2 protein chains.
Amino acid sequence: MNELQKRLETYKRLGLKLTPQRLAILEYLENTREHPSAEDIYNALKDRFPSMSFATVYNTLEVLIEKGLVKELSIDSSKKRFDPFLHSHHHFICKQCGKIFDVERNFDILIPEELKEFEVSDFQVVFSGLCPTCKKK
Amino acid sequence: MNELQKRLETYKRLGLKLTPQRLAILEYLENTREHPSAEDIYNALKDRFPSMSFATVYNTLEVLIEKGLVKELSIDSSKKRFDPFLHSHHHFICKQCGKIFDVERNFDILIPEELKEFEVSDFQVVFSGLCPTCKKK
DNA sequence: TGACAAAATAGAAAGTGTTTTTATATTTAA
DNA sequence: TTAAATATAAAAACACTTTCTATTTTGTCA
Ligand SMILES: [Mn+2]
Ligand SMILES: [Mn+2]
Ligand SMILES: [Zn+2]
Ligand SMILES: [Zn+2]
């Protein structure tokens with residue numbers, strides 16, 4: 001089963017209609033580790049879909065998030081970034097260029113005592129500093 | 001030395017001009033653990049300064065961040081939140097009500113091997129789930 | 001296949017939070 | 001007290017996101 005067939009399956013399974021725009025958005029997300037913003041996605045696809053609108057990108061992201069296929073990152077305070085990799089992982093953000101990198105290492109963090117009244121469902125470690133490229137300058 | 005005098009000192013030391021608006025912003029920040037947004041600050045002060053503008057709030061926050069007296073949090077993707085507590089600490093954000101709580105416990109996280117080409121200057125642990133109030137509902 | 005209902009699209013407008021601009025006012029140092 | 005430097009309010013501009021609506025596309029079923 002090839003990649004396209006998988007995407008077809010994915011949308012069908014979720015009861016979503018198949019549209020070329022949706023398939024392209026999922027394809028783009030699956031093939032990037034760049035944690036793109038909505039605009040990045042729009043720009044990447046506008047050659048193939050010259051009439052594509054931002055509303056479609058945002059709508060599609062909304063349903064993908066709702067269905068749990070994409071996660072929204074709040075690491076960059078200027079805009080939302082999207083991550084199609086659902087496995088537990090963490091991130092590094094470069095203070096200079098803003099790029100976000102995956103950190104795959106697992107951390108054994110035990111829920112601190114002070115949160116015992118809370119219902120903790122998740123945690124994220126966000127490292128920051130300079131990426132290799134910005135470090136050299 | 002009282003609180004006001006300390007704030008006077010603080011601004012003087014940084015070479016910033018003393019204005020009632022600035023003093024009030026610093027006072028508000030020093031007395032809250034709510035991680036307020038710019039609008040929260042504005043709302044908290046508009047009774048005392050009915051003519052206060054958003055620009056003043058944003059300008060003041062900008063210089064305070066520049067001078068290292070306040071940290072900007074990127075935990076809430078819908079708006080920036082501000083934290084005047086500079087000591088190393090972490091956070092919990094409630095997925096329901098959006099409130100941000102401090103987590104004072106220290107975590108011994110060693111910089112993972114995969115970041116050895118990076119210059120890591122900081123890390124933040126962000127827990128998420130439900131706060132005690134939202135948990136009960 | 002063709003017709004229909006439901007859902008998605010493009011494009012524009014509106015909504016939010018943030019930043020910039022400008023004329024005026026205040027602060028500080030001389 | 002005066003002058004220069006800086007901060008202010010108010011409005012406009014801006015960037016990102018959401019909403020609206022007319023039109024098109026999709027999936028279903030005859
Ligand atoms: Mn990731
Ligand atoms: Mn805090
Ligand atoms: Zn970088
Ligand atoms: Zn809550």
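So you know, we letter chains A, B, ... as the sequences are listed, proteins then strands, and number each from 1. Everything quoted here is computed from the prediction, not taken from an experiment. Side chains included, hydrogens not; waters and symmetry mates left out as well; all remaining heavy atoms used.
- At whole-Å resolution of the value, CG in B/L23 and C1' in C/dT26 are 13 Å apart.
- Both B/L18 and B/R81 lie near DNA chain C, and the one whose nearest nucleotide falls closer to the 5' end is B/R81.
- At C/dT19, one or more side-chain N or O atoms of B/K80 fall inside 4.0 Å of OP1 or OP2 (strictly under the cut-off).
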B/K6 vs B/E30, salt bridge (Lys or Arg N to Asp or Glu O under 4.0 Å): CA-CA, chis, key distance, verdict
CA-CA 11 Å; B/K6 276 186 200 161; B/E30 280 172 354; over 6 Å; no
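- Put simply, A/Q21 has a side-chain N or O that comes within less than 4.0 Å of OP1 or OP2 on C/dA10.
- The closest side-chain donor-acceptor pair between B/N59 and B/T56, if any, does not fall under 3.5 angstrom.
- Put simply, NZ on B/K12 is 12 Å from C1' on C/dA29, counting in whole angstrom units.
- Computed from coordinates, the B/N59 CG to C/dT19 P distance equals 10 Å when rounded to whole Å.
- Nearest-nucleotide positions on DNA chain D place B/V63 closer to the 5' end than the other of B/V63 and A/F54.
- Nucleic acid contact class of A/S37 (heavy atoms, under 4.0 Å, all strands): none.
- Close to C/dT18, at under 4.0 Å from its OP1 or OP2, lies a side-chain N or O of B/Y58.
- Ring centroid separation for the pair A/F49 and A/Y28 does not come in under the 6.0 Å cut-off.
- Separating the CG atom of B/L14 from the P atom of C/dT28 is a distance of 14 Å, rounded to the nearest angstrom.
- Rounded to an integer number of Å, the gap from B/K17 NZ to C/dT26 P is 13 Å.
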Evaluate A/L69 against A/T10 for side chain to side chain contact (heavy atoms under 4.5 Å, CB included), listing each step before the verdict.
CA-CA 9 Å; A/L69 265 87; A/T10 302; 3.2 Å; yes
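- Position along DNA chain C of the nearest nucleotide to B/A38 versus A/G15 favours A/G15 as the more 5'-ward residue.
- Under the 6.0 Å cut-off for aromatic ring centres, A/F101 and B/F118 qualify, their centroids lying closer than that.
- Comparing C/dG11, C/dT27, C/dT18 against the side chain of A/S51 picks out C/dG11 as the nearest.
- Between A/T19 and B/P20, the residue whose closest nucleotide on DNA chain D is further toward the 5' end is B/P20.
- Between the side chains of A/T60 and A/Q21, not a single donor N or O lies within less than 3.5 Å of an accepting N or O.
- With hydrogens and angles ignored, the 3.5 Å screen pairs a side-chain donor or acceptor of B/R81 with a backbone N or O of B/H35.
- Residue B/K79 is classed as a sugar-phosphate contact, given heavy-atom separations below 4.0 Å to backbone atoms only.
- In this structure, CE of A/M52 is placed 14 Å from C1' of C/dG11, rounded to the nearest angstrom.
- For B/Y11 and C/dT26, the OH to C1' distance is 16 Å, given to the nearest whole Å.
- Looking at heavy-atom distances under 4.0 Å, A/E62 makes no contact with the nucleic acid at all.
- Relative to the side chain of B/A55, the nucleotides C/dG17, C/dT9, C/dT20 differ in distance, and C/dT20 lies closest.
- Within 6.0 Å of the NZ atom in B/K99, the count of heavy atoms belonging to other residues, nucleotides or ligands does not exceed 12.
- Rounding to whole angstrom units, OH of residue A/Y42 and C1' of C/dA10 are separated by 10 Å.
- Taking a heavy-atom distance under 4.0 Å as the criterion, the stretch of DNA chain D touched by chain A extends 5' to 3' from D/dC16 to D/dG27.
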